[in-house]
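None of the values given here were measured: they were computed from a predicted structure. Ligands are counted one by one from 1 in listed order, and the atoms in each one are counted from 1 as well.
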Amino acid sequence: MRQLHLPINDLTMSVMSDLAFQQCMAPDCGAAYGLDVVLYACRRCGALLDIRYDWSRCTVPKSLSFFESRWPTPGRSPEARADFSGVWRFRELLPFESIEKLVTIGEGRTLLQQADELAKKLGVKPGCLYLQYEGFNPSGSFKDNGMAAAFTMARRLGRSRIGCASTGNTSASMAMYARHTPSSNGHSMQAVVFVGGDKIAFGKLAQALDFGAKTIQIDGDFDQCMKLVQEAADRLGLYLMNSVNPFRIEGQKTIMYRVLEGLGWEVPDWVIVPGGNLGNTSAFGKAFIELRELGLLKRIPRMAVINAVGANTLYELHEREKIRFDNGRWDRTRVEAWYARMSAEGRRAKTVASAIEIGRPVNLPRALRSLEAMDGVVRQVSDEAILDGKALVGAYGYGCEPASGASIAGLRLLLEERAISPSDRVVCILTGHQLKDPDVTVNYHRGSRDGTGAGSYANPPVRCAADIEAIAKLLDT
Ligand SMILES: *Cc1c(COP(=O)(O)O)cnc(C)c1O
Ligand SMILES: [Zn+2]
């Protein structure tokens, strides 16, 4: 059984007096750092960091049903504000800051939806398909869950300049939270966003611009932006808000708590999530590993991570190269060789689902750990399948952005493979709001101007004369 427990060494000892600390995820290192040390990787070995808690000294509820009692109460007290947040409602499970200092703008107020009509269409039994629509967050994507936690930390650290590389939603979310989080000098934080060329969906760019983020368009793709922003963090003192920041992962754990809550604390058979930079993949695994460690859950659901065919690094590494987390001893040489081939062949990520158009996911090791803990699988789906998945979600009344359609496309594929059976209980995560990328949606339904055809579930607008008889005729046919 995979545990987060790592050996205690000299470095660990010095911070063990803290309830929460940062720890290198490599088991043969396990170096620990205080929360106030700004780091995105271990100083000693370069591995990613986890936020860890000394649970024995935290107040953890004895049962998950404790959280049901915590419904929002009116008022502006720290408790009222925290209870309104779908992240901080679960604060005992990410206890790194005191309640008066938590940053929230009302994120995570999302509700698991039972989707029987869609289930029927897909050949899943009624009562077995659920959608977790994270598009209902303040900035319209799940990223807000992570930002609430990361901004809480940024404020604690007194950072006034924050940055991210973004395919769009990270920048929209970060820019929004920056406006709501005063830094230590009393002004709001300066948000700096790196986006790749002209790839960003307009709904997302519009948000970053409107919220006043300094938006830098780089001649390059997301992977180049990611590298640059990491350099900028080192050289220019930007506090990094991408999901390498371990506090992002803490906030995003709560998506799983809400899923469980929606199921009356019963564990589903499968969680299906699109994979981009793999922050969610990492967070979901960590959430379940911890719940099991805490004795709050006995069983862990399986996870399916869905890549786009044009951005399928995790699929290639996990399913073809068979790279496994292997207790932190995953085969770095083979991963590096794979990346070297990708560079040599000039391969770049390319998919219509811009939010998952990522070739070098920064959270790869954390994601491998989650896949191991959740007995996970990775699949790749075509852009066409992604758009059809998105259209089906829309047709049954929820709506989502293209990347989220990968969850549905992945479910269809796994049903076809019989890896998922029609009576399995499945939760598909819908990561972003329907209105983020309207160009793609309208082109799908109408056929695009450059003449490419409309999608299989297209609902094109129809032209009609401005005449009531003509309209009557049209509606009769
Ligand atoms: C960021 C994002 C993703 C990718 O999530 P990761 O956690 O980076 O894998 C998927 N869908 C949407 C809508 C996103 O904004
Ligand atoms: Zn280390």
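In this structure, Leu364 and Ile323 have side chains that are not in contact, with every pair of non-hydrogen atoms separated by 4.5 Å or more.
Residue Ala403 has at least one heavy-atom neighbour below 4.0 Å for each of these atoms of ligand 1: 11 (N). Below 4.0 Å from some heavy atom of Gly279 lie the following atoms of ligand 1, by number and element: 6 (P), 7 (O), 8 (O), 9 (O). Close approach of ligand 1 to Ile356 (heavy-atom distance below 4.0 Å) involves ligand atoms 4 (C), 10 (C). Residue contact check: Lys143 has heavy atoms under 4.0 Å from atoms 1 (C), 2 (C), 3 (C), 14 (C), 15 (O) of ligand 1. Taking a cut-off of under 4.0 Å to the non-hydrogen atoms of Gly432, the atoms of ligand 1 that pass are 13 (C). Taking a cut-off of under 4.0 Å to the non-hydrogen atoms of Glu401, the atoms of ligand 1 that pass are 13 (C).
Aromatic pair Phe151/Tyr177: centroids less than 6.0 angstrom apart.
In this structure, Leu278 is part of the shell of residues with a heavy atom less than 4.0 angstrom from ligand 1.
Here Asn363 has no heavy atoms under 4.0 Å from ligand 1, in either its backbone or its side chain. Both the backbone and the side chain of Thr431 come within 4.0 Å of ligand 1, judged by heavy-atom distances. Residue-level proximity to ligand 1 for Lys436 is absent, since no heavy atom of it falls below 4.0 angstrom.
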* Run the salt bridge (Lys or Arg N to Asp or Glu O under 4.0 Å) check on Glu290 and Lys286 step by step: do they pass? -> CA-CA 6 Å; Glu290 288 174 348; Lys286 187 169 188 277; 2.6 Å; yes
